[in-house]
Amino acid sequence: MRTEDARPVRLKDYRPPDWLVETVELDVSLDPVATRVRAKLKLTPNPRAGAPAPVVLDGDELNLLALAIDGEPLTAERYTVTPDNLTIPQPPQRPFLLHIETVVDPSANTQLIGIYRSGNTYCTQCEAEGFRRITYFPDRPDVMAVYTTRIEADKTEAPVLLANGNLTASGDLADGRHFAVWHDPYPKPSYLFALVGGNLSSVDDRFVTLSGREVALRIYVEPGKEGRCAYAMDSLKRAMRWDEEVFGREYDLDLFMIVTVADFNMGAMENKGLNIFNDKYVLAGTETATDADFAHIEAIIAHEYFHNWTGNRITCRDWFQLCLKEGLTVFRDQEFSSDQRSRPVKRIADVRLLRAQQFTEDAGPLAHPVRPAVYNEINNFYTATVYEKGAEVVRMLNVLLGRQGFRRGMDLYFARHDGRAATVEDFIQCFADANERDLTQFMHWYSQAGTPEVTVTAAYDAKARALRLDVAQAVPPTPGQASKEPMVIPFVIGLIGRDGHDLPLVRDDGAEVERGVLVLTKPAERFTFSGIGQPPVLSLNRAFSAPVKVVANQSSADLRFLAARDSDPFNRWQAVQTLATSLLIDNVAALRGKRELRHDEGLIAALAAILADPALEPAFIGQALTMPGEADIARDIGHDVDPDAIFVARCELREAISERLHPALHDTYRRMSSREPYRPDAASAGRRALKNVCLDLLAATAESSAIALALHQYETADNMTDRMAALATLSLHERPERAEAIEDFYRRFETDPLVVDKWFSLQAMIPEPGTLARVRSLTAHPAFSFTNPNRLRALIGAFAHANQSQFNRADGAGHAFVADTVLALDQKNPQVAARLLSAFKSWRMLEATRRAHAEAALKRVAAREGLSRDVNDIVSRSLGA
Ligand SMILES: [Zn+2]
């Protein structure tokens, strides 16, 4: 644990490194409890640094065995060493070779950072600061070196030995051991180092690049799981082709490898030439993976592959620039999925995720800018803000500059910064230079936290045939940022005539508005459009062109019109969501005031029209029928939140939809059912998604025939999507069928940990008072494990993050349980513990009783002696200390 050096790190304190590392030669002898690491670093004084400087290397829980300069052992008075630090006060002021020998215990490494074991496989995770748990090193991304890695191991225990780059030598040694040597010709930061040793099987394929080079592709899995890699391999090849076609980026090594492991803190890691994946994001079969799993695999395989250019070839100067690689690469994977699937449906899904996770984060005590200015623990900044809002910022550049202007900026970025460690300023400067635009004000997106609110007021003048729009923007205060500057907001709008066609957008000075983009730059501004012969309906922030909250007070009639007629599919969906949200907020207030609930015939009519529209994609209709989530409603209410009232209001609305649209839902369910063999493509997945939304709504009234239909689907399904959806529907109804189905599901899939995770999550998300007791007892289930992050997230993570009413129980037992788990877990895996604790991110919005319970739970965590830096950071920010 590293609490003692609770050091705030500040962006403004950045200095170039005093020493550079040209080459790293590692010799790693794998052993379950005593892995020996010999490192030979070629250190060179940095010409950009100032006066002669000591060599100061980072470590973390290291044990030094030997130290030498140019082959001469260093006497004890020439250096100081602790587990966390190695200092040579007076090194030679010239290039020299530093030999370091350390020993680490992979089996005792429950943090899963550095070298550890997942099952019997040795693997590594070095981002952000894990390489210092392997050897002493200037462990910062702006130190880029060429790595050669020799690995040796027992040949029966680890017949496969992998590292970054290309294999240059291998062979047998005495005593049943063997070795392999890997060389990576591309200089890289230490966080991209990777090493794997184990008994693995590979699935092999090949890819011929744009310029005709052949690349070998290999996915390594536990023996017996080879049959579940086909979709991941296919996704990889499509991603490689897409990056060539859309961004002109070609792969650069002769070999690209993916290794899957069962114990992994994150989703996946983009190590150069050797991606390491949480097996959840590679392994998929019809009977075990849902459509959502297939879509995730496609997106994450692509994301990690795309990092080869945005992250690896061009890396980050320091960890404040994390969004430079993550926001950009998320944008790239979102675009890839949009091209492979339905663009509007993908956009709706991405915005749902952004609002649920990032808007919520931005509205609470953990709010931070896309590029934070200070951190205590960088592991806590792998957030929705850095990733998802970071991607939105890149997307706004695309909207502002247009497709071609955006591509010009990207081309310049690749040309100017290849092989270097860059900053956000470097990145934005490329778009400014390539397009001759001043993007100074745009930089506020990186420095100001909080979700901007854009308020639109319209006035139509029939005599002048003109429409006046008054647009104001404001960014709410967030921790450490009381007042904000106005942002550059690319706000795409449409004016729709009564016939449903878009009217021309011509400003009163005669200028046509290009691509519908109004560029907002001031706290308040006015736009006047001429030649408008009728009062138009406003379609605002089309395709969600900016990550803002829009306040427009549109009439229910206008929203229904947009739901039926808008040429922008995103805003058709948005109109339904806006109608539903305003109804739900009213009804939450009514429930708390013991008043009668409101019904909205307009919303029901809008849904009926969408269900009946043959031109719409099934996946889109499914999204339109899915009402806003409980966390979203809570965020829109904003204060004095009662999660039980939100839950009840949402149930009432689902019941009303079920009753009023019963025949149409039933008919759609039937039409979307298919006898064809399962295929994971987007069109088939969309039909299943709509079918299962209909099933869930039909069952919302708990009518017996609908429950029987769900049970029938559960029993006869030939794929996991349909089986899981039916089980999820059944799980909402406390009846004997539920218990039987839950037990049956476990018996069918008990040998498959990834499916057992679904079984844990499903039970943790049941929104009823018995769930906490059930979750507690499941922690004693033989299939549960505190040390496997996937199991922990599946059960306790799902309860804390995805069960609003039960995590926030009025008696405080949900908060107390999660706090206890965080405290128990912190000793083993601080990174995963801190992530779990972030479930408290909306505690300040709760009504007084629940808020007091949450505060007490957080204070109890804060009071514990010896907290990790990870948990200490989250708890103190959550409490506002
Ligand atoms: Zn990434």
Side-chain angles (χ1 to χ4, degrees), residues 280 284-297 341 345 348-349 352 611 617-627 629 650-651 654 657-658 661 665-703 705-735 737-746 748-749 752 754-767 794 798 802-803:
K280 179 182 160 96
T286 302
E287 267 142 50
T288 58
T290 62
D291 291 330
D293 293 329
F294 280 101
H296 277 131
I297 288 168
R341 293 165 178 258
V345 172
I348 291 166
R352 268 192 197 279
L611 256 174
E617 295 175 84
F620 175 89
I621 303 174
Q623 286 284 3
L625 288 170
T626 306
M627 293 298 104
R650 196 171 178 275
C651 286
R654 282 161 41 79
I657 296 169
S658 183
L661 301 181
L665 290 170
H666 209 276
D667 176 57
T668 307
Y669 178 84
R670 207 178 36 72
R671 281 189 299 111
M672 293 298 129
S673 299
S674 162
R675 297 251 144 252
E676 303 274 298
Y678 176 87
R679 288 176 49 213
D681 64 278
S684 321
R687 295 173 68 85
R688 279 187 291 274
L690 176 55
K691 176 181 74 175
N692 289 320
V693 168
C694 290
L695 175 67
D696 199 44
L697 283 170
L698 285 168
T701 53
E703 187 204 302
S705 67
I707 302 290
L709 189 62
L711 193 61
H712 178 74
Q713 177 174 316
Y714 171 80
E715 285 165 349
T716 59
D718 67 350
N719 64 80
M720 182 52 83
T721 306
D722 285 342
R723 195 183 305 277
M724 196 68 214
L727 187 63
T729 291
L730 288 171
S731 80
L732 299 178
H733 302 279
E734 201 177 348
R735 304 164 61 118
E737 295 94 324
R738 171 171 86 181
E740 286 160 27
I742 287 176
E743 217 186 294
D744 174 80
F745 188 87
Y746 184 74
R748 279 175 197 259
F749 298 106
D752 189 324
L754 294 178
V755 184
V756 171
D757 283 346
K758 297 181 193 302
W759 181 77
F760 279 130
S761 290
L762 177 105
Q763 297 178 82
M765 291 192 296
I766 295 175
N803 193 337

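Values below: all heavy atoms of this structure, side chains included; hydrogens, waters and symmetry mates excluded.
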Problem set entry | Atom pair OG1 (Thr668) and CZ (Arg670), whose distance is rounded to the nearest 0.5 Å | 9.0 Å
Exercise. Does Glu740 reach the side chain of Asp744, with side-chain heavy atoms less than 4.5 Å apart?
Worked result: no
Problem set entry | Nearest atoms (heavy-atom pairs only) where Ala764 meets Ala798 | CB-CB, 4.1 Å
Exercise. Are any non-hydrogen side-chain atoms of Arg735 and Leu711 less than 4.5 angstrom apart?
Worked result: no
For this session: Kindly compute the distance separating NZ (Lys758) from NZ (Lys280), expressed to the nearest 0.5 Å.
Result: 6.5 Å
Exercise. If we only count heavy atoms from C-beta on, is the Leu665 to Leu625 side-chain gap below 4.5 Å?
Worked result: yes
Exercise. For Asp757, does its backbone N or O pair with a side-chain atom of Ser761 as donor and acceptor, under 3.5 Å?
Worked result: yes
Exercise. Is there a side chain to side chain donor-acceptor pair (under 3.5 Å) between Tyr669 and Gln713 once you walk through the steps?
Worked result: CA-CA 11 Å; Tyr669 178 84; Gln713 177 174 316; 2.6 Å; yes
For this session: Check the pair Glu703, Leu698 against side chain to side chain contact (heavy atoms under 4.5 Å, CB included), reporting the backbone distance first and the verdict last.
Result: CA-CA 8 Å; Glu703 187 204 302; Leu698 285 168; over 6 Å; no
Exercise. Are side-chain heavy atoms of Asp696 and Leu732 found at a separation under 4.5 Å?
Worked result: yes
For this session: Have a look at Asn692 and tell me which of Thr721, Thr290, Asp722 forms a side chain to side chain donor-acceptor pair (under 3.5 Å) with it.
Result: Asp722
Problem set entry | Atom pair OG1 (Thr286) and CE (Met720), whose distance is rounded to the nearest 0.5 Å | 10.5 Å
Exercise. Between OG1 of Thr729 and CZ of Arg738, what distance do you get to the nearest 0.5 Å?
Worked result: 12.5 Å
Seminar exercise, completed: What one should report as the nearest heavy-atom pair of Pro618 and Leu690 is O-CB, 3.6 Å
Exercise. Should the heavy atoms of other residues, nucleotides or ligands under 6.0 Å from CD of Glu743 be counted, would the total exceed 12?
Worked result: no
Exercise. Counting distance only, does the side-chain N/O of His712 pair as donor-acceptor with the main-chain N or O of Ala708 below 3.5 Å?
Worked result: no
Exercise. Within a strict 4.5 Å, meaning less than it, do heavy atoms of the Trp759 and Asp752 side chains meet?
Worked result: no
Seminar exercise, completed: When every non-hydrogen atom of Ala699 is compared with those of Ile707, the smallest separation belongs to CB-CD1, 4.4 Å
For this session: Could you tell me whether His296 atom NE2 has more than 12 heavy atoms of other residues or ligands within 6.0 Å of it?
Result: no
Problem set entry | Minimum heavy-atom distance Ile297-Ala284, with the two atoms named | CD1-CB, 3.5 Å
Exercise. Do you know the tightest heavy-atom contact between Asp718 and Glu287?
Worked result: O-CG, 4.3 Å
For this session: Decide yes or no for Arg723 and Val755: does some side-chain heavy atom of the first lie under 4.5 Å from some side-chain heavy atom of the second?
Result: no
For this session: Answer yes or no: is there a side-chain heavy-atom contact under 4.5 Å between Met724 and Phe745?
Result: yes
Problem set entry | Atom pair CG (Leu709) and SG (Cys694), whose distance is rounded to the nearest 0.5 Å | 10.5 Å
Problem set entry | Donor-acceptor contact below 3.5 Å, side chain Arg352 vs main chain Gln623 | yes
Exercise. Around Glu737, counting heavy atoms of other residues, nucleotides and ligands shown, do more than 12 lie under 6.0 Å from its CD?
Worked result: yes
Seminar exercise, completed: CG (Asn719) and CZ (Arg679) are apart, to the nearest 0.5 Å, by 13.0 Å
Problem set entry | Closest approach of Met765 to Ala802 (non-hydrogen atoms, all atoms of both residues) | SD-CB, 3.6 Å
For this session: Could you check Leu727 against Leu762 for side chain to side chain contact (heavy atoms under 4.5 Å, CB included), going step by step and ending with a plain yes or no?
Result: CA-CA 8 Å; Leu727 187 63; Leu762 177 105; 3.8 Å; yes
